[in-house]
> 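Once you've had a glance at the structure underneath, I'll fire off some questions.
In what follows, chains are A, B, ... by sequence order, proteins preceding strands, each numbered from 1.
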There are 2 protein chains.
Amino acid sequence: MRVSREKFAENRARILDVAGALFREKGFDGIGVADIMKAAGLTHGGFYGHFESKESLACEASKVLVEKARDRWQEIVDTAEGDPLEALLRHYLSRRNLQSQACVFASLTQEVSRQGARMQSAFAGGLTDLVDVLADIVVGDTPQARRANALATLSAMMGAVILARTMEDANLADEFLAATHRQLSRRAA
Amino acid sequence: MRVSREKFAENRARILDVAGALFREKGFDGIGVADIMKAAGLTHGGFYGHFESKESLACEASKVLVEKARDRWQEIVDTAEGDPLEALLRHYLSRRNLQSQACVFASLTQEVSRQGARMQSAFAGGLTDLVDVLADIVVGDTPQARRANALATLSAMMGAVILARTMEDANLADEFLAATHRQLSRRAA
DNA sequence: ATTATCTATAGATCTATAGATAATGC
DNA sequence: ATTATCTATAGATCTATAGATAATGC
């Protein structure tokens, strides 16, 4: 059942997309190659024609997710009508990020500390990209002050979503998001 | 090779202790029952005389770690010579928390979102305990303001450590800790 | 006699590979 | 002829259990 070269590329892209969603939902160890392929509408054995190993897929899928996150942040900043930081906070500190398809950092960062160097690099690089996006829109008299502010702001944003996600009580989760939102609103440029 | 009742209780405690350390280091899925027992100096099969299942062990070990964390925070607050929040920030936003034996929340929270309800409860309860500890030592005119400040402060503290842990570059990791420390120092009571 | 631990193994699951199959593209 | 996918399976790993062993404690 060979498919065309074009269809082959399509299949690869679909595997990456499906894997990104499943890894975020279940973690890297929570989903196997066979189930990822089934979700992509292919068979287990076909996987190794597309990727060298599961770890390799995890790296590539992570890179895609990390790049998408940065592009989305930049887009929100560029198209914000009012204060860009406020727009970003509204986007990030929302209930949408408490679902299974949440921010890749809010769902997978801790596992990354236990993975190989390649994956760790993808995540570390993605985080510094987000710091750069933030450094342009927070207050601060000097570039150093803005960078420090950006680092602290990113920590607070992701911490709030990560903690909110471990709360069973939706009201408590909302409290974490709201309190952090209010605190960070005062740091806009 | 039966052991005394006293030794039995000792063995159970050691399994819990060893499991707590290994779960934090490798994650719940990163270590098996056999290796935990080996690290405790016992055999694989003996495990099921002490615990019903691996999940049950994970719950009990988590409860112990969560309680220990709260007690440690409370102790630091109670014995602080200067400002208690400053003492807590110094303790938490330190390199020690970037090692494998870090804060249980900084190393395992994200996995907990994918575990059973029992474990989620243990973590959620532990986090609200830490919020209560913080609410007594942060600034705010009303109890509501102090609680909101405590929620935002906890998010920032844990976010900083979690992000610092994913950085390969030690200098970048330190930057996250230092920037967050400086930002939060202004919220003391 | 009771019971904590040990040895051995069943049963499930997961990654990766080998070889067959069938459609593409020179 | 080449190659993308499929079927089938090897090999490793992990949880949990069954039955044997040997020390405790009534």
Side-chain angles (χ1 to χ4, degrees), chain A residues 1-62 108 111-112 114-116 118-119, chain B residues 1-62 108 111-112 114-116 118-119:
Chain A
M1 301 239 274
R2 186 185 167 197
V3 300
S4 72
R5 202 165 289 187
E6 195 184 350
K7 192 78 187 162
F8 175 65
E10 241 178 64
N11 285 350
R12 186 190 144 95
R14 198 168 59 255
I15 295 170
L16 271 174
D17 189 54
V18 162
L22 288 171
F23 282 143
R24 270 188 293 172
E25 185 182 337
K26 299 168 184 292
F28 292 119
D29 293 338
I31 185 80
V33 171
D35 286 332
I36 290 170
M37 289 301 275
K38 191 187 282 183
L42 295 165
T43 56
H44 182 182
F47 174 81
Y48 295 90
H50 288 278
F51 299 94
E52 198 185 327
S53 64
K54 185 189 180 185
E55 191 190 349
S56 175
L57 169 69
C59 282
E60 301 226 28
S62 294
L108 289 173
E111 282 190 56
V112 168
R114 299 171 192 121
Q115 302 284 335
R118 264 175 74 200
M119 196 126 75
Chain B
M1 299 237 274
R2 184 183 170 200
V3 301
S4 73
R5 202 165 291 188
E6 194 183 350
K7 192 79 186 160
F8 175 64
E10 242 178 64
N11 286 349
R12 185 191 146 94
R14 198 168 60 256
I15 296 170
L16 271 174
D17 189 53
V18 162
L22 288 171
F23 282 143
R24 271 189 293 173
E25 186 182 338
K26 299 169 185 292
F28 291 119
D29 293 339
I31 185 81
V33 171
D35 287 331
I36 291 170
M37 290 300 276
K38 190 186 282 180
L42 296 165
T43 56
H44 182 183
F47 174 80
Y48 295 90
H50 287 278
F51 298 95
E52 197 185 329
S53 64
K54 185 189 179 186
E55 192 192 347
S56 175
L57 168 69
C59 282
E60 302 225 29
S62 294
L108 289 172
E111 281 191 58
V112 168
R114 299 171 192 121
Q115 302 282 336
R118 264 174 75 199
M119 197 128 72

> Could you go through the side chain to side chain contact (heavy atoms under 4.5 Å, CB included) check for B:Leu57 and B:Val33 one step at a time?
CA-CA 9 Å; B:Leu57 168 69; B:Val33 171; 5.8 Å; no
> Can you identify which nucleotide, out of C:dA22, C:dT15, C:dT5, has its nearest atom closest to the B:Phe8 side chain?
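Nearest nucleotide to the side chain: C:dT5.
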> How long is the span from the CZ atom in B:Arg2 to the NZ atom in B:Lys7, to the nearest 0.5 Å?
15.0 Å
> Less than 4.5 Å apart, any side-chain heavy atom of B:Asn11 and any of B:Val3?
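Yes, side chains in contact.
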> Any side-chain heavy atom of A:Phe28 within less than 4.5 Å of one from A:Glu55?
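A side-chain contact is absent here, since even the closest heavy-atom pair is not under 4.5 Å.
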> Dot-bracket for DNA chain C: what is it, with Watson-Crick or G-U pairs under 3.5 Å, [ ] where a pair crosses earlier ones, and | for a pair to another strand?
||||||||||||||||||||||||..
> Atom CG of A:Leu57 to atom P of C:dC14: distance rounded to whole Å?
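Result: 15 Å.
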> Could you give the CZ-to-P distance, from B:Phe47 to C:dT3, as a whole number of Å?
20 Å
> So which atom in B:Lys26 and which in B:Ile31 form the shortest heavy-atom distance, rounded to 0.1 Å?
CD-CD1, 3.9 Å
> Under 4.0 Å from OP1 or OP2 of C:dA4: is there any side-chain N or O of B:Asn11 that close?
no
> With a 4.0 Å limit, can you tell me whether A:Tyr48 has a side-chain N or O closer than that to the phosphate oxygens OP1/OP2 of C:dA16?
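For C:dA16, OP1/OP2 do have a side-chain N/O of A:Tyr48 under 4.0 Å.
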> Is A:His44 near enough to D:dT9 that one of its side-chain N or O atoms lies under 4.0 angstrom from OP1 or OP2?
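Negative; the distance criterion is not met.
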> Rounding to an integer number of Å, can you tell me how far A:Arg14 CZ sits from D:dA4 C1'?
13 Å
> Expected output is a numbered-order residue list: members of residues 24-43 of chain A with a heavy atom under 4.0 Å from any atom of DNA chain D. What is it?
A:Leu42, A:Thr43
> Report the distance from atom NE2 of B:His50 to atom P of D:dT17, rounded to the nearest whole Å.
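For the pair B:His50 NE2 and D:dT17 P, the rounded distance is 16 Å.
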> Over all heavy atoms of both residues, which pair between A:Arg24 and B:Arg114 is shortest? Give the atoms and the distance, please.
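Heavy-atom minimum between the residues: O-NH2, 3.4 Å.
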> Confirm from the modelled atom types if A:Arg2 and D:dT5 form a donor-acceptor pair under 3.5 Å, side chain to base only.
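Looking at the base of D:dT5, it does not pair with any donor or acceptor on the side chain of A:Arg2 (distance under 3.5 Å).
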> For A:Lys54 and A:Phe23, which heavy atoms make the closest approach, and how far apart are they?
CE-CE2, 4.2 Å
> Flag the pair B:Met37 / B:Thr43 as yes when at least one side-chain heavy-atom distance between them is below 4.5 Å, and no otherwise.
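They are not in contact (no side-chain heavy atoms under 4.5 Å apart), so the answer is no.
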> Give me the atom names and distance for the closest heavy-atom approach of B:His50 to B:Gly46.
CD2-O, 3.7 Å
> Rounded to whole Å, please give me the gap between CD in A:Glu6 and C1' in D:dT3.
17 Å
> Between A:Ile15 (CD1) and D:dT5 (C1'), how many Å, whole number?
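Going from CD1 in A:Ile15 over to C1' in D:dT5 covers 11 Å.
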> Quick one: A:Arg12 CZ to D:dT3 C1', roughly how many Å, whole number?
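From A:Arg12 CZ to D:dT3 C1': 16 Å.
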> With nearest nucleotides of DNA chain D determined for B:Arg5 and B:Glu52 from heavy-atom distances, which residue corresponds to the more 5′ nucleotide?
B:Glu52
